Amino acid sequence: CNVPNVPKIANYFGTKSRYEEVNPYLINDINAVNESLVKPPSPGCQAVHLSAIIRHGTRFPTTNNIRRMRKFHDLVISLAASNDSCVQQIKTWNMWYTDDMDGRLVRKGRKDLWHLAVRLTKSFPSLLTEENLREGRIKFITSSKHRCVNSTIAFKEGLADTLHTSDSNVEYIINDALMRFFDQCLRFVEKSKAAAVEVDNFKSGAHMRRVQEKIADRLQIPYGNITNDMVEAAFYLCSYEFSIKGESSPWCQLFDEVDAKTIEYAGDLKHYWKKGYGHDINSKSSCILFQDLFSRLDKAAQERRSGEQLSEVVTVQVGHAETLLPLLTLLGFFKDNEQLTATNFDKQDGRAFRTSHIMPYAANLLVTLYDCPEGFRLQFRLNEKPLTLPGIADPAPTYQAVREHYSILLSGCDQETVCKLSK
Ligand SMILES: O=P(O)(O)O[C@H]1[C@H](OP(=O)(O)O)[C@@H](OP(=O)(O)O)[C@H](O)[C@@H](O)[C@H]1OP(=O)(O)O
């Protein structure tokens, strides 16, 4: 069973993707920064505030998926009739995941955030400074989940180590209303059948059925035994063995690129309809985070203009894919002309809403306020690469132009109203 050292399907792991897949130059140097991507809008501009909204680092599978993975491995052991060497290796592979791992951060996940802190310190040297850290001008806010709290701690440690100082007196605040707003607001959508009808229809459609048959053929297991849940579990086994241990496991040999693209699309359908453009409530549920972002930017601009020392130079907020995806949707990023549905997969190869490219572990939205000779400008970056706002050609628009662009949301996006509606 000759498996390549990087699974040929590693670019299709969706929200289970490594951060290195979206920035391959990091594979050779995890602390590398592409200077051209982080330079100010023009030489006269000075960075004054950075808001970083970050997804946690690499994690264990959730308990639900560990159970599905275990069930499928047991089925392969008992029913697979193939003598293929990869199938034999899958049979003897050790199912080392245990239920209590339940989405907790792994060692690689700590390193993801530690190194992100190192790179951001190189990218924004005037903001992420020893003095700002010591004086409490760098704030940390996190979801209460283990994967997020420990990502925050790892980021703080990376920052302190890079600045050759201690982070022992640097606190973080747990705020689930802000970092897990979907729990209070979206669970209605999450649980409603209507939210996922496109996902269910695709999973029971011809494309996924073909993948199930090909997996069954490779294992030599009767078709009726392989469900789409099991196909997803096998795909997760490949992705987690790679993201957690850096190993290209024999599980990956069960899939070709067509299979991977199909499973990736099933995952994107789930995120599109449960956290993205599928339902308005999804993006509106991130009002609280949207308003929080602009209130921090307003405060920074105001303190700058009044000549005061900024009370908050950097804000680091650590959450989940379902923290960032609704916010990116509210801001209008990665919107396709055509909705993602169960029946238009064949037209969606070039889709913008692709979580493998947008939402890997440690994904991060960076919003930087610059003070320029002509006034304040704003720059958005996703995963350390510049983003231009939909509808605004300027890659670093004036702060005023951005506020005007989002004026309706700024005045009308109210969490309480939205969440009452969702109920
Ligand atoms: O498919 P799983 O159980 O892993 O889904 C997780 C979410 O992971 P994702 O689908 O985004 O890869 C997890 O998001 P994360 O950003 O924290 O990894 C989410 O918190 C967890 O509740 C599961 O989401 P689900 O939609 O409730 O299954």
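Order of appearance sets the numbers: ligands from 1, and atoms from 1 within every ligand. All of these numbers come straight from a predicted model, not from anything done at the bench.
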Response to the item:
Note: Lys275, heavy atoms under 4.0 Å from ligand 1, region reported as side chain
Worksheet item: Is it the case that Glu384 and Ser123 place a side-chain donor and acceptor less than 3.5 Å from each other?
Response: no
Worksheet item: Do Tyr399 and Asp298 meet the criterion of a side-chain donor-acceptor pair at a distance under 3.5 Å?
Response: yes
Worksheet item: What are the atoms of ligand 1, with element, lying closer than 4.0 Å to any heavy atom of His271?
Response: 9 (P), 10 (O), 11 (O)
Discussion item. Test of understanding: given a 4.0 Å heavy-atom threshold, classify the contact between Asn65 and ligand 1 as side chain, backbone, both, or neither.
Written reply: side chain
Response to the item:
Min over Met359, Lys270, Arg59 of heavy-atom distance to atom 18 (O) of ligand 1 lands on Arg59
Worksheet item: With ring centroids as reference points, do Phe255 and Tyr12 lie under 6.0 angstrom apart?
Response: no
Discussion item. Taking 4.0 angstrom as the limit and counting only heavy atoms of Ala321, give me the atoms of ligand 1 inside it, by number and element.
Written reply: 11 (O), 16 (O)
Item to complete: Report yes if the side chains of Thr129 and Arg137 come closer than 4.5 Å at any heavy-atom pair, otherwise no.
Response: no
Worksheet item: Applying the ring pair (Phe, Tyr, Trp, His ring centres under 6.0 Å) test to Phe353, which of Phe333, Phe334, Tyr272, Trp273 qualifies?
Response: Tyr272
Discussion item. I'd like the name of whichever of Arg147, Lys145, His320 reaches closest to atom 21 (C) of ligand 1 through any heavy atom.
Written reply: Arg147
Discussion item. What I want to check is whether the side chains of Thr355 and Asp268 have a donor and an acceptor closer together than 3.5 Å.
Written reply: yes
Discussion item. Show me which atoms of ligand 1 lie under 4.0 Å from any heavy atom of Thr62.
Written reply: 2 (P), 3 (O), 4 (O)
